[in-house]
Amino acid sequence: LPAQGAVYYLFGATGDLAKRKLFPALFSLYKEGKLSDNFAVIGLARRSRTKEQFREDVYESITEFCRYKVDDVELWNRFAEHFEYMPLDINNVEAFRDLNRLTSELDARFNIPGNRLFYLALAPSLFGPVSFNLRDGGLLESTGWRRVIIEKPFGYDLPSAQELNNQLSQVFKEEEIYRIDHYLGKEMVQNIQVIRFANAFFEPLWNNNYIANVQITLSETVGVEERGGYYDKSGALRDMTQNHMLQMLTMIAMEPPSSLIGEHIRDEKVKVLRSLRPYATSEEVKKNVIRGQYAAGKQQNEELPAYRAEDSVNPESATETYLAAKVAVDNFRWAGVPFYIRTGKRLPVKTTEVVIEFKSMPQNVLFAQRHDLAPNLLVIRVNPMEGIYIKINAKTPGADNSVQPVAMEFCQSCQIGLNTPEAYERLIHDAARGDSTYFTRWDEVAQAWEFVDRIAAAWKENTDDLKLYPAGSWGPEAADELLARDGFHWWPVN
Ligand code: BG6
């Protein structure tokens, strides 16, 4: 079903996210018939631009970043006609009244039934002021629905997130707020529930009787790029762990929801977050959470600078670009099963994957007597490769009865002609249809901050434990010791 007609307000329309993700997503949706023809997009930013220039920006972004080519001129022209631009000083309520007038024109021109989707691709400190001016400028007084999509980071810690949420809730109801975590828009993250709950192979085994540990890796090859100013204040804890890493963990650990209704799924996810065992002392943080920062190094013969030498980064920065942690989920299903998570920049490969390691067969009987049997693994590959594989033990062909691990693989991304939708397409489409399943609810955000804040507090006390690792390596060795202590190791990523 195409989404209902609406006016889309893109705050931050000249920014990087709009260029790389949002324009391409809108174009793909349009091309696939998921955007009805009665929509309009208003680009909003400080900079002055004409409508024509803006459409040109949109065109360039789509040619560079969209999975569809602009090969049909007529279709492009029809699409582009829906785009308007207005320079906006977000502190000036008068400008919002002008915006409201433009909106009425667009409602009439495109036959839009008063629905409003506000996309705030802005710094979090602007969410409050923009919301107030939307209200005071009369933009919320239409007859249709209104929804606001908010980009991460949602706050800097629990108190600031609370403050932000208080401001937003003066203007929007919780069900009108769509907090983006784009990892939840990824195909394979959504697939976790299907793999778990639609397979007799896995569901009965999904607990501490059969699972030895869970490993979630999100590694990146890039450094901080041009985002030093933002990243130096966030680090891997706030940029990746509070959101993407913990969200993936909830999808793996949650109980079966009572239905596929978004609220039911989110109810189960928040329960996982409530069950995370908090690190009680700074010592516990030190023992269970490893932080690293990349030093100068080499990747495929390219010399890479140290994090501290990057643009807009404090030359004495103690910000972590790598984090590995042992996390305990204290509930009946998971008691005693460690979840190891790791994420970092300037690692050797770009990959996100989840490894479920099953418990070993009883030692010293049958085959295990003569062979050090490898445990069974289920690997869920999230990106850039998408698919799953399982590792089982089988007989090595031949007369000597030996056993070898073999892999059975389903590679979704290898399928010819498959053009997987980008996370942002799915999420924008969901928001426009009023489906908030794959957005984070306030209680999830708050719980995640509560967990993360303890780590941040311990780290602030003392930076002795920050380990440097050469760019292009797999991070500090301490991350290996974290698992070795429990008799495990990180399974190499593919
Ligand atoms: C973003 C982080 O949320 O996710 C970035 O702010 C990171 O630092 C990015 O690079 C990774 O997303 P993806 O989809 O490229 O794996």
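Excluded from the calculations below are hydrogen atoms, water molecules and symmetry mates; all remaining heavy atoms, backbone and side chain alike, are included. Start at 1 and go down the list; that is how both ligands and their atoms are numbered. Note that this is a predicted model, so its numbers are computed, not measured.
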**Residues that Asp267 engages under side chain to side chain contact (heavy atoms under 4.5 Å, CB included), provided they are two or more places apart** =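 Asp267 satisfies side chain to side chain contact (heavy atoms under 4.5 Å, CB included) with His264, Arg441 once adjacent residues are dropped.
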**Request:** Could you say whether the N/O atoms of Thr352 and ligand 1 ever approach to under 3.5 Å?
**Result:**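 Not met; the criterion fails.
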**Request:** Please work out which of Tyr230, Tyr183, Tyr424 has its closest non-hydrogen atom nearest to atom 16 (O) of ligand 1.
**Result:**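 Among Tyr230, Tyr183, Tyr424, the closest heavy atom to atom 16 (O) of ligand 1 comes from Tyr183.
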For [atom], the protein heavy atom that lies nearest, with its residue and separation:
| atom | value |
| --- | --- |
| atom 6 (O) of ligand 1 | Asp239 OD1, 2.6 Å |
| atom 12 (O) of ligand 1 | His182 NE2, 3.2 Å |
| atom 14 (O) of ligand 1 | Lys186 NZ, 2.7 Å |
| atom 7 (C) of ligand 1 | Glu220 OE2, 3.4 Å |
| atom 15 (O) of ligand 1 | Lys350 NZ, 3.1 Å |

**Asked** Just which atoms of ligand 1 are under 4.0 Å from any heavy atom in Lys345?
**Response**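 Result: 5 (C), 7 (C), 8 (O), 10 (O).
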**Ligand-side contact atoms (ligand 1) for residue partner Lys152, heavy atom cut-off under 4.0 Å** =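 Matching atoms, with element in brackets: 1 (C), 2 (C), 3 (O), 6 (O).
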**Item:** Side-chain donor-acceptor contact under 3.5 Å, Glu477 with Tyr469
**Value:**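 No, no side-chain donor-acceptor pair sits under 3.5 Å.
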**Request:** May I ask you to check whether Asp430 and Tyr178 show a side-chain donor-acceptor distance below 3.5 Å?
**Result:**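 Side chains of Asp430 and Tyr178: no pair found under 3.5 Å.
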[X]/[Y] ion pair, N-O < 4.0 Å:
| X | Y | answer |
| --- | --- | --- |
| Lys173 | Glu175 | no |
| Arg146 | Glu176 | yes |
| Glu203 | Arg196 | no |

**Request:** Assess Tyr231 for proximity to ligand 1: is some non-hydrogen atom of it under 4.0 Å away?
**Result:**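 No, that is not the case, since the closest heavy atom of the residue is not under 4.0 Å from the ligand.
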**Message:** Counting the benzene-type ring for Trp, do Tyr389 and Phe410 have ring centres under 6.0 Å apart?
**Reply:**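 So the answer is no for these two rings.
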**Prompt:** Are the aromatic ring centres of Phe197 and Phe202 under 6.0 angstrom apart?
**Reply:**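 Between Phe197 and Phe202, the centre distance exceeds or equals 6.0 Å.
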**Asked** ligand 1 versus Asn383, non-hydrogen atoms closer than 4.0 Å: side chain, backbone, both, neither?
**Response**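 Within the 4.0 Å criterion, Asn383 contacts ligand 1 through side-chain atoms alone.
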